Amino acid sequence: MPKNRIIGVFDSGIGGLSVAKAVEAALPQHTVLFRNDAKNVPYGNRPPAEILPLILPIFQSLIDDGCDVIVVACNTVSTTLIGPLRESFGVPFIAMEPMVKPSAQLSTSKVIAICATPTTLASRRYAELKQQFAKDLTVIEPDCSEWSTLIERSQLNHETIAQQLAPALAAGADVIVLGCTHYHWIENEIQDIVAGKAVVLQPEPAVISQLIRVIARLP
Ligand code: DGL
């Protein structure tokens with residue numbers, strides 16, 4: 001009998017909930033604990049130094065509740081603070097960061113669009129990913145700075161999304177990356193908007209594969 005494990009899933013807000021649901025559906029033999037920071041969401045316009053003291057007690061609570069592995073279902077935290085998290089806590093972490101490498105490989109137009117929060121786009125990790133995997137591509141970063149706030153309030157409408165993606169499509173982007181878990185909730189809408197022009201990538205399947213590998217290695 002495979003052992004029941006406790007999988008922690010963290011995000012600033014409702015973005016991580018889509019990841020928690022996907023993990024639950026894929027790995028029903030394990031228990032998923034989802035935590036967010038409803039008081040301080042969104043994180044995407046805050047500097048990492050302001051985010052760190054907010055997340056440490058939440059991750060501590062996941063550890064206290066017995067998590068064997070934690071998914072950081074927040075690109076903003078993963079791209080800026082995964083180092084301090086790994087140093088502070090002794091469980092394996094799975095980070096979620098914009099899928100620059102797969103999108104660069106998939107693109108035939110060599111133009112990709114990365115949708116992410118301002119803090120993710122400003123991170124050193126994201127700059128490294130672009131440098132390593134997308135040096136020869138045009139990378140467009142649509143203005144999604146208000147998206148997570150609007151998604152939290154169910155106020156992000158079709159016109160706004162279409163407007164903000166239009167320049168990327170006009171430039172020939174054929175892959176759109178969802179580099180913020182909040183945007184997973186509008187994946188279908190984005191797919192409708194870009195249909196026939198671009199494909200949409202998000203990392204839930206990759207995270208689940210990685211989780212399976214990490215769980216298999218747990219003592
Ligand atoms: N869902 C998070 C991310 O993946 C954070 C969004 C926010 O809090 O602004 O980046």
Side-chain angles (χ1 to χ4, degrees), residues 7-24 32-59 62 70-85 93-103 112-130 139 141-156 160-161 164-165 176-190 200-208 210-211:
I7 302 167
V9 177
F10 169 80
D11 183 35
S12 58
I14 60 168
L17 202 55
S18 72
V19 179
K21 282 183 192 297
V23 170
E24 244 163 13
V32 174
L33 283 188
F34 174 65
R35 295 274 149 84
N36 64 4
D37 185 359
K39 221 166 84 195
N40 297 298
V41 65
Y43 283 179
N45 289 290
R46 295 177 193 265
E50 198 179 305
I51 299 172
L52 185 61
L54 301 176
I55 61 173
L56 287 176
I58 303 174
F59 280 87
L62 285 169
I70 299 178
V71 179
V72 184
C74 177
N75 293 255
T76 306
V77 169
S78 294
T79 53
T80 57
L81 294 167
I82 196 70
L85 286 175
F93 282 95
I94 294 174
M96 291 180 73
E97 47 187 34
M99 300 173 78
V100 177
K101 183 183 179 185
S103 58
I112 59 176
I114 309 286
C115 300
T117 67
T119 299
T120 296
L121 296 176
S123 68
R124 187 145 43 111
R125 176 64 185 149
Y126 175 64
E128 281 166 10
L129 289 170
K130 277 200 299 190
V139 180
E141 290 148 5
D143 178 10
C144 306
S145 51
E146 296 308 316
W147 282 17
S148 41
T149 307
L150 294 172
I151 289 168
E152 284 284 329
R153 299 180 188 149
S154 304
Q155 281 175 356
L156 184 56
T160 308
I161 306 169
Q164 274 150 355
L165 292 178
I176 312 284
V177 173
L178 306 189
C180 168
T181 52
H182 277 69
Y183 313 161
H184 298 193
W185 291 112
I186 54 164
E187 182 178 357
N188 291 341
E189 197 143 3
I190 294 180
V200 180
L201 280 192
Q202 58 103 320
E204 279 168 14
V207 164
I208 287 161
Q210 177 67 1
L211 250 179

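Everything numeric in this text was worked out from a predicted model, so none of it was measured. Note that ligands are numbered from 1 as they come in the structure, with each ligand's atoms numbered from 1 the same way.
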Can you list the ligand 1 atoms lying under 4.0 Å from a non-hydrogen atom of [X]?
X	answer
N75	3 (C), 4 (O), 10 (O)
Y43	7 (C), 8 (O), 9 (O)
S148	6 (C), 7 (C), 9 (O)

| task | Using the side-chain contact (heavy atoms from CB on, under 4.5 Å) rule, take K101 and L129 through it: C-alpha gap first, then chi angles, then the decisive distance, then the call. | result | CA-CA 7 Å; K101 183 183 179 185; L129 289 170; over 6 Å; no
| task | Might you point out which heavy atoms bring T181 and G16 nearest each other, and give the distance in Å? | result |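 Closest approach of T181 to G16: OG1-N, 3.7 Å.
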| query | When you look at I55 and L85, which way does the side-chain contact (heavy atoms from CB on, under 4.5 Å) test go after all the steps? | reply | CA-CA 9 Å; I55 61 173; L85 286 175; 4.0 Å; yes
Location of contacts on [X] toward ligand 1, heavy atoms closer than 4.0 Å:
X	value
S12	side chain
C74	both
D11	side chain

| For L81, the option from T76, I51, V72 that meets side-chain contact (heavy atoms from CB on, under 4.5 Å) |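 With L81 as partner, T76, I51, V72 yield a single side-chain contact (heavy atoms from CB on, under 4.5 Å), made by I51.
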| request: Anything under 30° is parallel, anything over 60° is perpendicular, the rest tilted; go ahead and classify Y183 against W147. | output: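 Y183 and W147: perpendicular rings.
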| request: Using the side-chain contact (heavy atoms from CB on, under 4.5 Å) rule, take T80 and Y43 through it: C-alpha gap first, then chi angles, then the decisive distance, then the call. | output: CA-CA 11 Å; T80 57; Y43 283 179; over 6 Å; no
| query | Would you say ligand 1 has an N or O under 3.5 Å from any N or O of T181? | reply |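 N/O-N/O distance below 3.5 Å exists for this pair.
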| task | Would you check the N or O atoms of G44, main chain and side chain alike, for any that come under 3.5 Å of an N or O of ligand 1? | result |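 By distance alone, the answer is yes.
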| query | For atom 10 (O) of ligand 1, which protein heavy atom lies nearest, and how many Å away is it? | reply |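 The answer is T76 OG1, 2.6 Å.
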| field | Options H184, H182, E97, ranked by nearest heavy atom to atom 6 (C) of ligand 1, top entry | value |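 Looking at heavy atoms only, H182 sits closest to atom 6 (C) of ligand 1.
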| field | Salt-bridge contact R125-E128 (side-chain N to carboxylate O under 4.0 Å) | value |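 Between E128 and R125 there is a salt bridge, with a charged N closer than 4.0 Å to a carboxylate O.
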